[in-house]
Engineer: 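One structure, pasted below without further comment.
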Amino acid sequence: MNFFESKSNKYFLATALLSLVFITFIFYVLLNINNEKKLISKLENSLVITKNLLEEEKRYALSLSILLAEDKELIKAYSNDERLKVFNIVNKKINTLKKLQNTLFEVQVHTKELNTYIRSWDFSIKDIPLSSFRQGLVKVKEDKKPLVSIELGKRLNIKAISPIIDNNNFIGSIEVIIGFEHIEKELKQKAYELCILLDDKYLNIATSLKNNQKLDGFTLVNQKETLHSHKFSLKELKDYGYFTNKELGFSYFTYYSLKKEKLGYFIISSKNSSKLQLNENYENIYTKQESKVFIQ
């Protein structure tokens, strides 16, 4: 008797086949769940790493700013209105730190009226009023306390400002300016790429970025090709989250002005080897305590 002619054997084969299909389907589902968990973990990790690197750069910039604001030689030259001497002292310190720590930064000194006194990269520039668009400078003068933030000027970068205090009087301020190159380099070593976007409505302030590439109402601050090479829409983004296309996974978070205005996004990309499609967007929780607004 042929094995396949028996009803019981046919039933057994059908059951075995269905079981195999079911097991294969379950395995496929579990594999996808596992791959999705791995991808989400990778994207969340990229967010944490980027935020930590950003905070490290802020702390470093602030420490440099405080040190310069307390440098006796520099303050003496500033108090005596010796612009060239201040310029030379600042650049000497920049070059020393560049050799010792391979650090790139710029310095600007401001008058008590919040005008430009010297810029480390251009001695000819002076007496430019800054208070109308530099929130950080105004706050440092009001509070007489150091401050660091991502702040808009003609460029977008990390700005750490410390007051110059003489007999408890505000006589000026010193600003250390650091770009995002170090963060980009550190992320690249971990197989991530960073794109920084600024809302186009702020280009009237960030005039040096006007000719940079545009995407969905935003300007690429650091001129990366990733966003244009792998097109997607920014219109659905909220405050933070992650999304993917067939080639890449993206995580992102919003950065704000000192007045808690949304300026744009930090977007971190990495390879999406699983080819999974994700789109998760979240809004920050805003809480008010007295006159302050906290973003969680």
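The chain is numbered in sequence order, starting from 1. What's counted below: heavy atoms across the whole structure, side chains too, no hydrogens, waters or symmetry copies.
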Engineer: How many angstroms lie between OG in S149 and CD1 in I161, if you round to the nearest 0.5 Å?
Structural biologist: 6.5 Å

Engineer: Can you name the closest pair of heavy atoms from A61 and I178 and give their distance?
Structural biologist: CB-CD1, 3.6 Å

Engineer: Is there a donor-acceptor pair closer than 3.5 Å between any side-chain N or O of K214 and the backbone N or O of K210?
Structural biologist: yes

Engineer: Any donor-acceptor pair under 3.5 Å linking the side chain of N222 with the backbone of L194?
Structural biologist: yes

Engineer: In this structure, are over 12 heavy atoms from other groups packed under 6.0 Å from K141 atom NZ?
Structural biologist: yes

Engineer: Decide whether a cation-pi geometry holds between K51 and F253; the criteria are a distance under 6.0 Å from NZ or CZ to the six-membered ring centre and an angle within 45° of the ring axis.
Structural biologist: yes

Engineer: Could you tell me whether K144 atom NZ has more than 12 heavy atoms of other residues or ligands within 6.0 Å of it?
Structural biologist: yes

Engineer: Does the side chain of E236 pick up a donor-acceptor pair with the side chain of N281 at under 3.5 Å?
Structural biologist: no

Engineer: Where do L258 and L147 land on the side-chain contact (heavy atoms from CB on, under 4.5 Å) test, with the steps shown first?
Structural biologist: CA-CA 10 Å; L258 291 170; L147 175 70; 3.6 Å; yes

Engineer: Taking atom CG of N169 and atom NZ of K112, what is their separation to the nearest 0.5 Å?
Structural biologist: 8.5 Å

Engineer: Say you draw a straight line from NZ of K145 to OG of S162; how long is it, rounded to the nearest 0.5 Å?
Structural biologist: 13.0 Å

Engineer: Using atom types as modelled and distance alone, determine if a side-chain donor or acceptor of R83 lies under 3.5 Å from a backbone N or O of I118.
Structural biologist: no

Engineer: Quick test of your reading of the model: are R134 and E151 salt-bridged, counting only N-O distances below 4.0 Å?
Structural biologist: yes

Engineer: Check the pair L68 / V176 against side-chain contact (heavy atoms from CB on, under 4.5 Å), numbers first and verdict last.
Structural biologist: CA-CA 9 Å; L68 289 172; V176 168; 3.9 Å; yes

Engineer: So does Y60 get a backbone contact from the side chain of S63, meaning a donor-acceptor N/O pair under 3.5 Å?
Structural biologist: yes

Engineer: Kindly determine whether K85 and I89 satisfy side-chain contact (heavy atoms from CB on, under 4.5 Å), including the steps that lead there.
Structural biologist: CA-CA 6 Å; K85 191 171 183 179; I89 291 169; 3.9 Å; yes

Engineer: Would you say N272 and S274 are linked by a side-chain donor-acceptor pair, where the criterion is simply a distance under 3.5 Å?
Structural biologist: yes

Engineer: Does L248 offer a backbone N or O that forms a donor-acceptor pair with the side chain of T244 under 3.5 Å?
Structural biologist: no

Engineer: What's the spacing between K92 NZ and L97 CG if we round to 0.5 Å?
Structural biologist: 12.5 Å

Engineer: D122 side chain to S124 main-chain N or O, any donor-acceptor pair under 3.5 Å?
Structural biologist: yes

Engineer: Would you kindly say whether Y117 and D81 are connected by a side-chain donor-acceptor distance under 3.5 Å?
Structural biologist: yes

Engineer: Between F250 and Y242, is the ring centre distance below 6.0 Å?
Structural biologist: no

Engineer: I'd like to know if the side chain of N212 reaches the main chain of L220, judged simply by a donor and an acceptor atom lying under 3.5 Å from each other, with no hydrogens or angles considered.
Structural biologist: yes

Engineer: Do L104 and I183 land in one hydrophobic cluster if side-chain heavy atoms of ILVMFWY residues count as linked below 4.5 Å?
Structural biologist: no

Engineer: Cluster question for you: counting only ILVMFWY and a side-chain heavy-atom cut-off of under 4.5 Å, with indirect links fine, are L54 and I49 together?
Structural biologist: yes

Engineer: Over all heavy atoms of both residues, which pair between I125 and T116 is shortest? Give the atoms and the distance, please.
Structural biologist: O-CG2, 3.9 Å

Engineer: Could you tell me whether the side chain of S173 and the main chain of P163 form a donor-acceptor pair under 3.5 Å?
Structural biologist: no

Engineer: Given L43 and S270, is the side-chain contact (heavy atoms from CB on, under 4.5 Å) satisfied, shown in steps?
Structural biologist: CA-CA 8 Å; L43 294 174; S270 56; 4.2 Å; yes

Engineer: Which heavy atom in S46 sits nearest to a heavy atom in I268, and how many Å separate them?
Structural biologist: CB-CG2, 3.9 Å

Engineer: A quick test of your reading: do over 12 heavy atoms of other residues, nucleotides or ligands sit less than 6.0 Å from NZ of K190?
Structural biologist: yes

Engineer: Quick one: pull up CD in E186 and CD in E181 and give me the separation to the nearest 0.5 Å.
Structural biologist: 13.0 Å

Engineer: Given the rule in the side chain to side chain donor-acceptor pair (under 3.5 Å) test, do Y78 and D71 qualify, once you have shown the distances and angles that lead to the verdict?
Structural biologist: CA-CA 11 Å; Y78 172 76; D71 186 280; over 6 Å; no

Engineer: If only atom types and distance count, is the side chain of N157 paired as donor or acceptor with the main-chain N or O of I150 below 3.5 Å?
Structural biologist: no

Engineer: Same cluster for L209 and W121 if Ile/Leu/Val/Met/Phe/Trp/Tyr side chains link at under 4.5 Å?
Structural biologist: no

Engineer: Under a single-linkage definition using a 4.5 Å side-chain heavy-atom cutoff for Ile, Leu, Val, Met, Phe, Trp and Tyr, are I171 and I174 assigned to the same hydrophobic cluster?
Structural biologist: yes

Engineer: Quick check: closest heavy atoms across L156 and L152, and the distance to 0.1 Å?
Structural biologist: CD1-CD2, 3.7 Å

Engineer: Rounded to the nearest 0.5 Å, what separates atom CG in L278 from atom CG in N245?
Structural biologist: 11.0 Å

Engineer: In terms of heavy-atom contacts, does NZ of K154 have more than 12 from other residues, nucleotides or ligands at under 6.0 Å?
Structural biologist: no

Engineer: Hey, are R155 and E106 close enough for a salt bridge, meaning a charged N less than 4.0 Å from a carboxylate O?
Structural biologist: yes

Engineer: Would you mind checking if E55 and K58 are paired as a salt bridge, meaning a charged N to carboxylate O distance below 4.0 Å?
Structural biologist: yes

Engineer: Please check: side-chain N/O of N45 versus main-chain N/O of S41, any donor-acceptor pairing under 3.5 Å?
Structural biologist: no

Engineer: Grab the two heavy atoms, one from K76 and one from E82, that are nearest each other, plus how far apart they are.
Structural biologist: O-OE1, 4.4 Å

Engineer: Between V148 and I177, is there shared hydrophobic-cluster membership here, with clusters defined by ILVMFWY side-chain heavy atoms closer than 4.5 Å?
Structural biologist: no

Engineer: What do the steps show when you test Y255 against Y265 for ring pair (Phe, Tyr, Trp, His ring centres under 6.0 Å), and what is the final call?
Structural biologist: CA-CA 6 Å; Y255 64 98; Y265 297 104; 8.1 Å; no

Engineer: Tell me if the aromatic rings of F266 and Y252 count as close, with their centers under 6.0 Å from one another.
Structural biologist: no

